[in-house]
Asker: 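Starting off with a structure, shown below.
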Amino acid sequence: MKALLTSAVVISLVTAPLIQAANAQETQITPLPLPAIPGIPAAPDGAQATFDKKAIEFLMYMVEMSRLIGGGVTQLVAHAQTAEQLLIRIQDATQAQRAAVSGPKSFPVNNEEADLAARKGGLGLREMVDAALNGRTLGPQGTQSAFAEFHNLYRLDDSFALRNDKRLGNVIAAHTSAQGAVTASTADDSYKRANASMDRLNGYVTALESSNDLKTSVDINTRVMIEVAQQLNETLRTQAAIASLTGVYFMAVGADSAEPESLRDLINFNR
């Protein structure tokens, strides 16, 4: 009994602050119910009846403290589970927002093999002219199709056949004719491609009006900038073809002027 009392005193000294804290928090902590225990064994033979009020009081403190601690831990676990559910919801919402601002969106990028070939525009204007004079076609498919139409409409084979003529005027006529056909074909293809680009822009504007997330809006804006760049390049391509034709014309004038009695023929030819 003396040992029990000593243990109880020590426990009381250690647990007294906890008891005070528990009493201050007992309105917030629900103690656990008493657990089920087996039946209390009967007193053994020869046992002496004793009653120690102080020891019983400390034991009661210990039981109540255990209940409070257990209740507090239980509530902490419940709060932790609630917090976990909230974190899961936040994570799901974050992932949804992340998906809205990242990842691929189903917008056409016009990057198929035909689009890549059309953007290349061929090796160059001079190479396209040389190919035309020798019965071949170079450049994007749209340019080649337009060239074939001009070739048949204006019967350019007869003009191209003069490329090896002895007279310089006829050679110049063959080359300027080929240059003109290439320029007209380039302009025709660029015009059609610019029209197709404008149609896509109309679709982007419609998609932008119904966009409900940042990623889609940024994607649409990016594709609009691509279309603007393409239209600008189509303009530059056409202007380059026109500038090349102009340069060829003045070179032809200069070359033919150097030939005796040939300037009059070139002037009449251009008229």
Side-chain angles (χ1 to χ4, degrees), residues 110-201 224-271:
N110 305 107
N111 207 39
E112 302 297 330
E113 185 176 351
D115 298 307
L116 293 174
R119 285 199 290 267
K120 289 181 180 178
L123 295 177
L125 294 170
R126 182 178 59 80
E127 289 80 3
M128 294 170 67
V129 170
D130 291 341
L133 289 172
N134 289 280
R136 296 180 291 108
T137 56
L138 296 175
Q141 185 59 47
T143 302
Q144 294 187 37
S145 299
F147 182 87
E149 294 179 4
F150 292 135
H151 183 274
N152 295 330
L153 179 63
Y154 294 102
R155 302 176 184 177
L156 295 178
D157 279 338
D158 296 337
S159 176
F160 294 166
L162 299 175
R163 66 185 183 279
N164 295 322
D165 196 86
K166 293 182 179 180
R167 295 187 59 188
L168 179 60
N170 289 339
V171 175
I172 291 174
H175 279 266
T176 54
S177 178
Q179 187 77 43
V182 168
T183 299
S185 302
T186 300
D188 185 84
D189 185 33
S190 294
Y191 187 89
K192 292 177 180 177
R193 285 174 53 78
N195 273 350
S197 177
M198 291 299 293
D199 289 340
R200 290 191 294 270
L201 284 178
V224 168
M225 295 305 298
I226 292 174
E227 296 293 348
V228 171
Q230 176 170 321
Q231 293 182 17
L232 177 60
N233 287 334
E234 297 295 346
T235 301
L236 294 175
R237 184 178 293 174
T238 302
Q239 290 178 346
I242 295 173
S244 178
L245 178 61
T246 303
V248 168
Y249 172 78
F250 284 108
M251 285 189 293
V253 171
D256 196 67
S257 298
E259 292 291 313
E261 303 296 330
S262 60
L263 182 58
R264 186 186 305 275
D265 293 338
L266 180 60
I267 296 175
N268 291 336
F269 169 79
N270 285 310
R271 290 182 179 176

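The structure presented is a predicted model; accordingly, all values stated were derived computationally and were not measured. Both backbone and side-chain heavy atoms feed into the values below; hydrogens, waters and symmetry mates do not.
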Asker: Please identify each residue that fulfils side chain to side chain donor-acceptor pair (under 3.5 Å) with Ser185, with sequence neighbours left out.
Answerer: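 Checked Ser185 against side chain to side chain donor-acceptor pair (under 3.5 Å); zero matches.
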Asker: From Gln179 CD over to Ile242 CD1, what is the distance, rounded to the nearest 0.5 angstrom?
Answerer: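 It comes to 11.5 Å.
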Asker: As an exercise, state the distance from CE of Met128 to OG1 of Thr143, rounded to the nearest 0.5 Å.
Answerer: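 Met128 CE to Thr143 OG1: 5.0 Å, rounded to 0.5 Å.
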Asker: Measure across Thr183 and Ala241 and return the closest heavy-atom pair with its distance rounded to 0.1 Å.
Answerer: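 Of all heavy-atom pairs spanning Thr183 and Ala241, the closest is OG1-O, 3.2 Å.
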Asker: Which pair of non-hydrogen atoms, one from Ser159 and one from Ala173, has the smallest distance, and what is that distance?
Answerer: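 Smallest heavy-atom distance, with atoms named: OG-O, 3.8 Å.
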Asker: Report the distance from atom CG of Leu232 to atom CE of Met225, rounding to the nearest 0.5 Å.
Answerer: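 Reported to 0.5 Å precision, the distance equals 10.0 Å.
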Asker: Which pairs pass salt bridge (charged side-chain N to carboxylate O under 4.0 Å, His left out) with one or both residues in residues 142-159, sequence neighbours excluded?
Answerer: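 Qualifying pairs, neighbours excluded: none.
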Asker: Check side chain to side chain donor-acceptor pair (under 3.5 Å) between Asp165 and all other residues, then give those that pass, not counting sequence neighbours.
Answerer: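 Residues passing side chain to side chain donor-acceptor pair (under 3.5 Å) with Asp165: Asn170.
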Asker: Using every non-hydrogen atom in the two residues, find where Phe150 and Ala181 come nearest and quote the distance to one decimal.
Answerer: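 Smallest heavy-atom distance, with atoms named: CD1-O, 4.3 Å.
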Asker: With sequence neighbours left out, write down each residue that passes salt bridge (Lys or Arg N to Asp or Glu O under 4.0 Å) with Arg193, or none if nothing qualifies.
Answerer: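 Residues passing salt bridge (Lys or Arg N to Asp or Glu O under 4.0 Å) with Arg193: Glu234.
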Asker: Looking at every heavy atom in both Gly139 and Gln144, which two are closest together, and how far apart are they?
Answerer: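 Residues Gly139 and Gln144, closest heavy atoms: O-NE2, 2.7 Å.
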Asker: Please walk me through it: do His175 and Met251 pass side-chain contact (heavy atoms from CB on, under 4.5 Å)?
Answerer: CA-CA 11 Å; His175 279 266; Met251 285 189 293; over 6 Å; no
Asker: Any side-chain heavy atom of Leu156 within less than 4.5 Å of one from Ser177?
Answerer: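 A side-chain contact under 4.5 Å exists here.
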Asker: Could you check whether the rings of His151 and Phe160 sit parallel, tilted or perpendicular, using 30° and 60° as the cut-offs?
Answerer: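 His151 vs Phe160 ring planes: tilted.
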Asker: How far apart are the closest heavy atoms of Asp188 and Ala146, and which atoms are they?
Answerer: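 Taking Asp188 first and Ala146 second, the nearest heavy atoms are OD2-CB, 3.5 Å.
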Asker: Short question: side chain of Thr176, backbone of Tyr249 - any donor-acceptor pair under 3.5 Å?
Answerer: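 No; zero donor-acceptor contacts below 3.5 Å.
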Asker: Who pairs with Ser197 by side chain to side chain donor-acceptor pair (under 3.5 Å), at least two apart in sequence or on another chain?
Answerer: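 Partners of Ser197 by the side chain to side chain donor-acceptor pair (under 3.5 Å) criterion, ordered by chain and then number, come out as Glu227, Gln231.
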Asker: With the side chain counted from C-beta on, respond yes when Leu236 and Asn233 share a heavy-atom pair under 4.5 Å apart, and no when they do not.
Answerer: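 Heavy-atom side-chain distance check passes, below 4.5 Å.
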Asker: Ignoring hydrogens and geometry, is there a side-chain-to-backbone donor-acceptor pair from Asn152 to Ala148 under 3.5 Å?
Answerer: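 The answer is yes, because a donor-acceptor pair under 3.5 Å joins these two groups.
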Asker: Which pair of non-hydrogen atoms, one from Ala255 and one from Ile172, has the smallest distance, and what is that distance?
Answerer: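 Nearest heavy atoms, Ala255 then Ile172: CB-CD1, 4.2 Å.
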Asker: Applying salt bridge (charged side-chain N to carboxylate O under 4.0 Å, His left out), which residue pairs with at least one partner in residues 125-142 are found, sequence neighbours left out?
Answerer: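 Non-adjacent pairs meeting salt bridge (charged side-chain N to carboxylate O under 4.0 Å, His left out): Arg126-Asp130.
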